[in-house]
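A short worksheet on the structure shown next.
Numbered from 1 within each chain, the chains take letters A, B, ... in sequence-line order. In this text the structure is predicted, and so the values were computed from the model without any measurement.
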Amino acid sequence: MNATESLPIWDIASDITGALRDGNRLIIEAPTASGKSTQVPQMLLDRGLLGEGQVMVLQPRRLAARMLATFVARQRGARLGDEVGFQIRFEDVSSRATRIKYVTEGILLRRMVRDPALAGISAIIFDEFHERHVFGDVTLAQALCLQEQTRPDLKLIVMSATMHVGPIQEYMAPCPALKSEGRTFPVELEYLPRSPGRGESVWEIAVRNIDRLLREGLSGDILVFMPGAHEIHRTIRELQGCASTKGLIILPLHGELARADQDAALAGYEQQKIIVSTNVAETSLTIHGVRTVIDSGLARVANYDPRRGINTLLIDRISRAAADQRAGRAGRTAPGRCLRLWTQPEHSQRPRAETPEILRLDVSEIALTLKAAGLSDLDSFRWLSPPDPESLERSLQLLTDLGALSSATGDITPLGHRMLAFPVHPRYARMLIESGERNCVKAIALVASLTQGRGLLQRRQDKEVKQRRAELFDDRSDSDFFPLMRAWNFAAEHAFDLGQCRRYGIHAQAARQVAATFESFLKTAQREGLPVDGPATRDEDIRRCILVGFADHLGRRMDGGTLRCDIVHGRRGDIDRESAVRDHTLVVASDIQEIEGRDLKVIMSLLTAVEEEWIEELFPGEIQERTETEYDPRARSVLSERQRVFRGLVLERKAADPDTDAAAALLAREMAKGELRPKSWSPEIDQWFDRVAFLAEHCRDLGFSEITDDDKLQMFQQFCHGSTSYKQIKDKPLKPVIESWLSSPLRPLVEKYAPAQITLQGGKRAKVKYTRGQAPRISKRIQDIYELRESPRLAMNRVPVVVEILGPNMRPVQTTQDLKAFWSEAYPRIKQELQRKYPKHEWR
DNA sequence: GAGCACTGC
């Protein structure tokens, strides 16, 4: 027996071939290092299971596809690209003779669009399927349909880590499952004896424990998992302050780092080293020689909130499976140990596995692909995990907006088919088609390329770099894409030279990748008959194209002094403070994301300024002239004003009714007397009441203790901004949900961020809004009020001050009593200020 | 008042 045949997977080789002779579906449960990825494809080929055809091996990462193909080709003594080959986004090393082909998931999905019968393919292997990437999920579903309908000979093999196969086996039934062992070393698991104190940060807990282990004489390299770059840097700073780490090498590792810095973390050293890393080290990069893993148990997780249509990036607890994967990193070369910075009881409450991507992310691209495959009803598609109906609904709405689906029938339109030629999110595909009409194909192809993959400009650069950037690429512009395009052109002109790129904080690797994407988009554009070369492009046309792709990301700055922005469909956000777009009222954001850093914020970035006339021109008939009216029994009056509105965003206000001011004045007086009750809560608050009422009711049914007001506030946060939607909670047994939530170490964090936004309005035109944790001192609020008053768009005279209050030192304003208490404290001071500044008015 | 995980066509 040679070295290869001693791999654990060979123990079940005859079972594998037997199962595939009897049937055409198979699941192989096998951990990493069982040899499955390299050996199973060869078994199929060598034992005649492929006939004359090819086996496609799907990989979740490009690097893995390339490395595996190289390894297998060498093992078979073949030249890469002959019998064994691979294909990833910009590299196809395969030929007609290729029998074993390693590909990334998107490659096969694209191929199925062009060639639904998959001619010449005898088998598909879905490797690392437990990672549950969107493209993998959909490709498997499509392949199962194909097998049932026209290709009964097609063999489908799913390979997955242990513990994930149950639902998949049901889904593929009838389908046998085989199990193989891995070849890793045992890892000893340790937990914290008790939950850490509330005030202690993850990095403090981690460093305290690392220090302890080092004092106990821990040897071998240490890998620490943290949720992000910020936490990594804090950890490193603390570690450097410990006596026990003297002489040790301490290095960060995360995706944002330049290649050279990543290599430094992966390299071997004489001294003991500590690597503090994000999830890159969980699957994508392997660090050799790690004997101990310290796991914070946290990760930043991307989600898509279909209710708001906004992407989120929040810190979440990782699943049990992910924790095992992290722990396994300590047992690659020898027995190891793993310290989990949470307690064992808490561990058992964690979810079993990560939520599949299809349940978490925007599904527009998938929806368009399936529509193109002729599916009229996506609900009836054979999903392994059906996406949230709300999420599906929103993506269909977006596709309809973009013109890819017919608003009458829901079927794909000719425009939709043309969009599908571009392997990119439908928004950018739509922009590319539009660019053909507006003579800016090259520019838009570059814009689209710049948004793919990692950011071109590195974040967290020092002042000098920022200064150099500002001089060369401009820091004021009508679109954030313009400086970005200049930066890329600069990198390209210097042949992506590392030194030049570094001077400007340009990610050289990312810039090369942009070049490849750009070329490929241009090629596709040419093939699709778009005019690639034409007369000089106008910036204005580029901006129009961007508006076409992102009309539902249109925002209007609320005032000149802050970054706050109203977004269509009643949403709110803050403009990226590094945006080059200033002094414009209307903007579209190519990226809107709710991010958890030290705070929780909706950030709008990659802005492009647009003009109101363009909206009329590009979306004819969608701007409505509306009269907003509202009857307020206390004011005994109708408040009304005429507005121009685009999808809920007020573009321009026209004259108000003469009644308005009088009514507003009346409201002001009532408010001053402290008798005004909130007439209507914001929608969030309404929902909060709904949800809390629901929970409170069920709590009692379960004999569960009372929920305190404090708890309610936290729940509000959990439901409005967390990854758990009301619907999900509703379908689960409540007691464990509530229990785990109450004992969550994130609870203090959640509490800190509870936004509890409350707005009281005395008329439609005056509004000041603060969120919890952000409310400034009263003097600053008064200043805001002045700004509001002086804003030309809000030509206010006697409209009352509107205050929404919550601050670190203030009681939360939740009830009318709270409001009264606040008002009686704050109003005299506000009044005093107002009186001083506007003595002509009578302030009561 | 102050912010960013990882992939993939």
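Residue T278(A) has its side chain nearest to dC6(B) when only dG8(B), dC6(B), dC9(B) are considered. Distance from the side chain of R62(A) is smallest to dC9(B) among dC4(B), dC9(B), dT7(B). Looking at the side chain of A229(A), the nearest of the listed nucleotides dC9(B), dC4(B), dA5(B) is dA5(B). Side-chain proximity of V280(A) to the nucleotides dC6(B), dC9(B), dC4(B) is greatest for dC6(B). When each of dC6(B), dG8(B), dC4(B) is scored by its nearest atom to the side-chain atoms of R300(A), the top-ranked nucleotide is dC4(B). Nearest to the side chain of L563(A), among dG1(B), dC9(B), dC6(B), sits dG1(B).
Following rounding to the nearest Å, E128(A) (CD) and dG8(B) (P) show an atom-to-atom distance of 13 Å. Atom CD of Q458(A) and atom P of dA5(B) are 14 Å apart (whole Å). Protein atom CD of Q87(A) is 13 Å distant from nucleotide atom C1' of dG8(B), rounded to whole Å. Atom-to-atom, NE2 of H233(A) to P of dA5(B) comes out at 10 Å; the value is rounded to the nearest Å. Distance CD1 (I603(A)) to P (dC4(B)): 9 Å, rounded to an integer number of Å. Distance, I88(A) CD1 to dT7(B) P: 13 Å, rounded to whole Å.
Toward the 5' end of DNA chain B, the nearer of the two residues P227(A) and H425(A), judged by each one's closest nucleotide, is P227(A).
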Enumerate, atom names and distances included, each donor-acceptor pair closer than 3.5 Å involving a side-chain atom of residues 511-524 of chain A, sequence neighbours excluded.
unit_1: T517(A); atom_1: OG1; unit_2: Q513(A); atom_2: O; d: 2.7
unit_1: S520(A); atom_1: OG; unit_2: T517(A); atom_2: O; d: 3.4
unit_1: T524(A); atom_1: OG1; unit_2: S520(A); atom_2: O; d: 2.9

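Base engagement by L313(A) is indicated by at least one non-hydrogen atom pair under 4.0 Å involving a base atom. Contacts of R111(A) with the nucleic acid, taken as non-hydrogen atoms under 4.0 Å apart, are absent. R61(A) comes within 4.0 angstrom of sugar-phosphate atoms only, judged by non-hydrogen atoms across all strands, and of no base. Note on I318(A): nothing from the nucleic acid sits closer than 4.0 angstrom, heavy atoms only. Here A302(A) lies in heavy-atom contact (under 4.0 Å) with a base. Residue E578(A) is out of contact with every strand shown, counting any heavy-atom pair closer than 4.0 Å.
In the model, S201(A) has a side-chain atom that pairs as donor or acceptor with a side-chain atom of W203(A) under 3.5 Å.
Between dC6(B) and R454(A), a contact under 4.0 Å exists linking OP1 or OP2 to a side-chain N or O. Remark: T104(A) is not in phosphate contact with dT7(B), judged by side-chain N or O atoms under 4.0 Å from OP1 or OP2.
Looking only at side-chain heavy atoms (C-beta outward), L370(A) and E365(A) stay at 4.5 Å or farther from each other.
Interatomic distance, CZ of F129(A) versus CE of M159(A), reported as 12.5 Å (0.5 Å rounding).
Counting only residues at least two apart or on different chains, the side-chain hydrogen bond (donor to acceptor under 3.5 Å, both in side chains) pairs with a member in residues 104-118 of chain A are E105(A)-H133(A), R111(A)-D115(A).
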